[in-house]
Amino acid sequence: MDVPPWEPPLAGSEEDHVVGSLERMRATFRWKADGLSTEQLRQRAVPTSELTVGGLLKHLAVDEDDMFAWKLAGRPPETWLLAPEGEDPMTWQFRPDESAEELSALWEAAVARSRRRLREALADGGLDQLVHHELDGERVSLRRLVFDLIEEYARHTGHLDLLREAIDGRVGEDPPPDWPTLPADDGAATGP
């Protein structure tokens, strides 16, 4: 049986498992958000919540850049810089002029940058290296950043489970084995 590309290794190094778990969360998140129209991305499917699928796409794009630009190396996150002046880049809503294709591209570009930066950081010092970000006056490790992003995906993929089921009934833990995943970063991603 072929193992889907998003499945973490059955036996591998700590780095393989940590990165594999992040990739599995990214694949599941993308599958849950995939194929919806702009209107469906805006739909408030849970009446007691402001969350939308599009808002989650935007939020995770910001989280990707925040984690592997700002927190990793102190560089400005690209998605923050794209926000119009006076708009909070962490907003969970998206502007009326944004489309489903634009939000998907925003998230995919952020993931490509993150993959490249994580790969470079792992090659430059592994999971134990200390990064730019501090908590309570102490610098944290790259391992902590990766686990924090896995946690973000886990939390918001749970939200996305509820939203997507309410929109069109899509349910499931993982994408089907033949589902086309997000292309792997080929090293061609642009940006700092």
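It should be emphasised that the depicted structure is a prediction, and the values quoted were computed from it without experimental measurement.
Side-chain contact between Arg30 and Arg26 is absent, with no heavy-atom pair separated by less than 4.5 Å. Side-chain contact between Val46 and Leu51 is absent, with no heavy-atom pair separated by less than 4.5 Å. Side-chain contact between Asp174 and Arg24 is present, with at least one heavy-atom pair separated by less than 4.5 Å. Taking 4.5 Å as the limit, some side-chain heavy atom of Leu103 sits within range of a side-chain heavy atom of Leu41. At least one side-chain heavy atom of Pro175 sits under 4.5 Å from a side-chain heavy atom of Thr28. Put simply, the side chain of Asp66 reaches to within 4.5 Å of the side chain of Lys71, judged on heavy atoms. For the pair Glu152 and His59, the minimum side-chain heavy-atom distance is below 4.5 Å.
Annotation: the span from Phe29 atom CZ to Thr157 atom OG1 amounts to 6.0 Å, rounded to 0.5 Å. Taking NE2 of His156 as the reference point, atom CE of Met25 lies at 10.5 Å (rounded to 0.5 Å). Here the CD atom belonging to Glu120 is positioned 9.5 Å from the CG atom belonging to Leu72, to the nearest 0.5 angstrom. Put simply, CG on Asp97 and OG1 on Thr38 are 11.0 Å apart, with the number rounded to the nearest 0.5 Å. Atom NZ of Lys32 sits about 9.0 Å away from atom CD of Glu173, to the nearest 0.5 Å. The CG atom of Leu36 sits 10.5 Å away from the OG1 atom of Thr52 when rounded to the nearest 0.5 Å.
Contact check on Arg117 versus Glu78 returns a salt bridge, with a Lys/Arg side-chain nitrogen under 4.0 Å from an Asp/Glu carboxylate oxygen. Contact check on Arg113 versus Glu64 returns no salt bridge, with no Lys/Arg side-chain nitrogen under 4.0 Å from an Asp/Glu carboxylate oxygen.
The nearest pair of heavy atoms linking Ala100 to Ser37 is CB-C, 4.0 Å. Between Ala33 and Val53 the shortest heavy-atom distance is CB-CG1, 3.8 Å. Heavy-atom minimum distance, Ala69 versus Pro77: CB-CA, 4.0 Å. Residues Ser104 and Leu57 come closest through the heavy atom pair OG-CD1, 4.4 Å. In this structure, Trp31 and Pro176 approach most closely via the heavy-atom pair NE1-CD, 3.4 Å.
For the side-chain hydrogen bond (donor to acceptor under 3.5 Å, both in side chains) test, no residue two or more places apart in sequence or in another chain qualifies with Asp124. Remark: Pro47 pairs with no residue by the side-chain contact (heavy atoms from CB on, under 4.5 Å) rule, at least two apart or across chains. For Gln129, the side-chain contact (heavy atoms from CB on, under 4.5 Å) partners two or more places apart in sequence, or in a different chain, are Ala121, Leu142. Glu102 is linked by a side-chain contact (heavy atoms from CB on, under 4.5 Å) to Glu98, Ser99, counting only residues two or more places apart in sequence or in another chain. Residues meeting the side-chain contact (heavy atoms from CB on, under 4.5 Å) test with Ala61, sequence neighbours left out: Thr79, Leu106, Trp107, Ala110.
A centroid separation of 6.0 Å or more is found between the aromatic rings of His133 and Trp70.
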- Task: Give the C-alpha distance, both sets of side-chain angles, the deciding distance and a yes or no for side chain to side chain contact (heavy atoms under 4.5 Å, CB included) between Leu122 and Leu127.
- Result: CA-CA 6 Å; Leu122 288 169; Leu127 291 169; 3.7 Å; yes
- Apply salt bridge (Lys or Arg N to Asp or Glu O under 4.0 Å) to Glu165 and Arg170, showing your working. CA-CA 5 Å; Glu165 184 176 9; Arg170 179 177 282 182; over 6 Å; no
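The list of salt bridge (charged side-chain N to carboxylate O under 4.0 Å, His left out) pairs with a residue in residues 136-145, not counting sequence neighbours, reads Glu14-Arg143, Asp128-Arg143, Arg144-Asp148.
For the pairing with Phe68, the side-chain contact (heavy atoms from CB on, under 4.5 Å) check across Leu149, Val111, Val131 returns one residue only, Leu149.
Leu135 and Ile150 fall within a single hydrophobic cluster, where Ile, Leu, Val, Met, Phe, Trp and Tyr side chains are chained together by heavy-atom contacts under 4.5 Å.
Around atom CG of Leu10, no more than 12 heavy atoms belonging to other residues, nucleotides or ligands sit under 6.0 Å away.
Side-chain N or O atoms of Arg42 include none that pairs as donor or acceptor with a backbone N or O of Gly54 at under 3.5 Å.
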